[in-house]
Amino acid sequence: MSGAAQHTYTAKNGKLSVIHGARIPLSLLRLLFGDANSSSNSYHRDSDDGDDSSATTTTTNTSYTDTFLSPNHLFKRELARSIYALSMDGSHLAVAHDDRYMLLERPEDDAPLNYRLVSVGSDAAFPGESVTSLYCMSVYTPHGHQKQGRGQSLCVAVGYSSGYLRIFSLYGHLLTTHQFHPQALIRIRLRMPSQVNSAQESGEMRYTTNNSSGSGNSVNNHGVNSAVDDAEEVCLTYTDGTMVSIDGKSLYLALRLCLNEASSAESDEPMFQYKKWAFDLNTPLVSDAVSYGPSAHRDPLASLAKATMTSSPLLSDATARFLVAPQHGDAAFGVFMTNEDAAMSFSAVDIAGKMAARVTGAVLSIAKSYFWRTSSQPSSRNPDSTSHGAAGISDPGTLVPCAFAVRDSPRKVLNISLAPAQYSLATLTDSLGRVLVFDLESCEIIHMLKGLRGSQCAWLETESPDETSDTAHGDDWVSQRRRRMFIVIYAGKRGTVEVFELGSLERSLASVSVGLGWKLVQCPTQPLGGSLVVGSAGSTRRAALPSLASCMLLNESGHAAHIQINI
C-alpha cells in the first residue's frame, strides 16, 4: 500500500518475527493526554530501536520516515505510564490514562496505518479518580443475531482507583457501574472453567506438547471431575488483596440486556451475582492475585480430611483456589484454598441464572424480569446513593486460608499470567529476574527461567497445518489442528523477545532484539458467555471454543507489533 511501511525484526534462526503494525496517530494522543503537550510542533523519528545483533531488520517501504512520525518525548512518557487492553482478535485496542480511556480499531487489512478512534470514555465520579485497569470483553452473540462489522459485541470493562467497575459499550455508552470494594481495582480477568476449555467435553483434559520428557518439563494430565461445579467468572483484584468473582453467566445476561436497551434513555441497571474473597495475609498490599477455580479432581484422602482435618484445604476438595503475590513480608507468593463457599450476593437472580444455560430469546425475556431493577430502586449511577452493590462494600469477604507459601526473601513475585484454562499453568515473574512456570494442579514449579530482569510474560498458540484430530463438540465432531503452546517473554532490561515452547523449556526456541520501552499485552481467548450451552434439546454444544492464544507488543511511541512463530 502506498505510503505504508512494514518494519520487521526476524530472529537469526528464522523461527520468530516481530512485525510492526498499526500505530496510534498523534491527534488521538492529544485527545487522550489533553492539551498539556500540544504546544510542541517538533516531532522526530524513533531514535534507535535497539541492538539488532541477534536479528535481521527489514523495512518494506522507504517512506517510513514520512509515515511513522513519533510523538514528542512527553507523549512517550505518558504512553509508558498508560494501561492497555486488546480484544480477542487484536482488532481493537483500549488505552487508558488518568481518568479516561480510548477504544481504537485497527485497519481491517492490517496494513501498518493509523488506528481509528471508535469511542472515548470518561465517567470519573470523584475528583482524583483514575483508571487503574482495563479489559476488552467480547460478549457471545449467536450467529443469527450478530450485527455487521467487527467488534459489535465488544464491551470495555474499566477499573478505577476508587474501586468502581464501569462497563462501557463499543461506542462508549455506560452500561453498568458497581463499587464492590473501596480500594483500587488493579486487575480484571475472565476465567473460563477448565472443562469447557479442554479439548474434550468431558473425561480427561489433554495437553499437547512437543516433547514432555525430561526433568522439569513434564506437564501432567489432570482428570476433570464432572461433579465439580466450575463456572466462568470475571475476577476483580484489588490492591489490598481482596478479590471479587462475578458469576459469568449472570453478568453475560445482564450485559446482553444492557446492550439491547442501550438506546433507551430510561433503561435501568441490571443486577448480577458475585462472591467476595479475602486472604489471610500479613501484608496490606498485593502485586497480583488470580483465581483458578475449584479442584479439577478428587483427593483420595478427602473423606478422611473432612472427618479429622477440616481446616486443611490441601487434604480436601477445594471449592476455590487462588495464587496471591504479596508486596511485603517474606513470602514470594502463596497458594490459597478453601473447601467452603462464599456467600453469593444478589440471590434475586438465582432463577434467571439457572435458566441462563441456554441462550434463546425466550430465556432473555424471562431473565429480564429477574435481572432488571425497577425504577423505584435507587440508581447506582449516582455515587451518593446506596446502590445495589453498596451493601457489600464494607463486607470484608470470605476469608481464604493459605495452603502454603514459597518463602525466598528478598524474592517477590510481581505479575501472574494464566495460560488458557485447559493447560492449568501460570507464569510468575519475580523481582530477581526469573520467570517461574507453575503447575496449578500439582502446585509445583516445573521450570525456572533466569536472567530476565524487567520481564513481561504472555502465551501464544499455533496450529500445525499438517496434523489434525477429531474432537467431540456437543453432538458433532470437529476436526481441529494440533496446537502448540509457547511462552513469550519480553525482557525489558535487554529489549529482547524470547520464546519458549512447552515441553522444551531448557532453551529458547528463538530470540530477537526489538529495543526498549515495549509492553507485552495478552489477548483474551474466549468471549463472556462462551461456556453457555446452546442449541435445541436434541443437539447441544458449547457456545464458543477457545481461540488461539495470542499477544502483541505496544511501545512508548504508539506502535503495535505482532509476534509470529515461523515453524
Side-chain angles (χ1 to χ4, degrees), residues 11 15-16 18 54 187 189 207 209-212 214-220 237 286-290 292 322-327 331-335 405-420 423-462 484-514 516-523 549-554 563 565:
K15 294 183 178 180
L16 172 65
V18 178
S54 64
R187 297 284 190 280
R189 292 181 172 97
Y207 300 138
T209 60
N210 188 37
N211 180 10
S212 60
S215 175
N217 280 330
S218 65
V219 183
N220 298 322
T237 304
V286 300
S287 298
D288 203 355
V290 299
Y292 60 101
F322 307 87
L323 270 181
V324 181
Q327 286 191 14
F333 70 95
V335 175
V406 174
R407 306 182 189 278
D408 187 17
S409 183
R411 182 199 309 273
K412 306 300 294 183
V413 167
L414 304 177
N415 188 268
I416 303 170
S417 177
L418 289 176
Y423 293 93
S424 292
L425 294 173
T427 57
L428 293 76
T429 59
D430 69 22
S431 56
L432 300 183
R434 297 184 175 110
V435 175
L436 313 177
V437 184
F438 189 76
D439 188 314
L440 298 172
E441 292 298 334
S442 66
C443 294
E444 295 177 340
I445 298 173
I446 63 174
H447 201 81
M448 180 184 292
L449 305 170
K450 301 180 180 180
L452 298 166
R453 289 190 178 273
S455 60
Q456 304 167 44
C457 292
W459 300 87
L460 180 65
E461 279 181 302
T462 63
R484 300 170 69 174
M485 174 62 82
F486 302 87
I487 301 173
V488 179
I489 300 175
Y490 172 64
K493 296 293 185 181
R494 298 205 306 254
T496 60
V497 175
E498 297 191 39
V499 175
F500 297 81
E501 184 174 6
L502 288 188
S504 304
L505 294 174
E506 290 92 349
R507 58 181 301 174
S508 65
L509 175 75
S511 175
V512 61
S513 178
V514 296
L516 306 178
W518 292 86
K519 288 187 178 181
L520 186 61
V521 184
Q522 184 78 59
C523 295
S550 61
C551 55
M552 290 177 62
L553 286 165
L554 298 155
I563 299 172
I565 305 293

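Only heavy atoms go into these numbers, but all of them, side chains included; no hydrogens, no water, no symmetry mates.
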Could you check whether any side-chain heavy atom of [X] comes within less than 4.5 Å of a side-chain heavy atom of [Y], counting everything from C-beta outward?
X	Y	answer
Leu502	Leu425	yes
Trp459	Ile487	yes
Leu509	Ile565	yes
Leu440	Leu323	yes
Ser550	Leu460	yes
Val497	Trp518	no
Leu432	Lys450	no
Ile489	Thr427	no

Look up atom [atom1] in [X] and atom [atom2] in [Y], then write down how far apart they are to the nearest 0.5 Å.
X	Y	atom1	atom2	answer
Leu428	Met448	CG	CE	10.5 Å
Met485	Glu501	CE	CD	10.5 Å
Asp430	Leu414	CG	CG	7.0 Å
Leu436	Arg411	CG	CZ	6.0 Å
Glu441	Tyr292	CD	OH	7.5 Å

Determine, stepwise, if the pair Thr237 / Arg189 fulfils side chain to side chain contact (heavy atoms under 4.5 Å, CB included). CA-CA 9 Å; Thr237 304; Arg189 292 181 172 97; 4.2 Å; yes
Closest approach of [X] and [Y], non-hydrogen atoms and distance?
X	Y	answer
Ala332	Pro326	O-CD, 4.0 Å
Lys493	Gly454	CG-N, 4.1 Å
Ala331	Arg407	CB-NH1, 3.9 Å
Cys551	Leu520	SG-CD1, 4.0 Å
Ala510	Ala11	CB-CB, 4.0 Å
Tyr490	Val514	CE1-CG2, 3.8 Å

Applying side chain to side chain contact (heavy atoms under 4.5 Å, CB included), run through Asp288 and Arg187 and close with a yes or a no. CA-CA 8 Å; Asp288 203 355; Arg187 297 284 190 280; 3.5 Å; yes
Exceeds 12 heavy-atom contacts within 6.0 angstrom, atom NZ of Lys519: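 Yes, enclosed.
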For the side-chain contact (heavy atoms from CB on, under 4.5 Å) test, which of Val435, Val488, Ile416 pairs with Cys457? Val435
Using the rule side-chain contact (heavy atoms from CB on, under 4.5 Å), only one of Ser455, Ser513, Ser508 pairs with Thr496; which is it? Ser513
Yes or no on side chain to side chain contact (heavy atoms under 4.5 Å, CB included) for Arg494 and Leu452, after CA distance, side-chain angles and deciding distance? CA-CA 8 Å; Arg494 298 205 306 254; Leu452 298 166; 3.7 Å; yes
I would like to know whether Val335 and Phe438 meet side chain to side chain contact (heavy atoms under 4.5 Å, CB included); could you show each step before the answer? CA-CA 11 Å; Val335 175; Phe438 189 76; 3.9 Å; yes
Residue list, ring-ring contact (aromatic ring centres under 6.0 Å, His included) with Phe322, at least two apart or on another chain: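 Only Trp277, Phe279 meet the ring-ring contact (aromatic ring centres under 6.0 Å, His included) criterion with Phe322.
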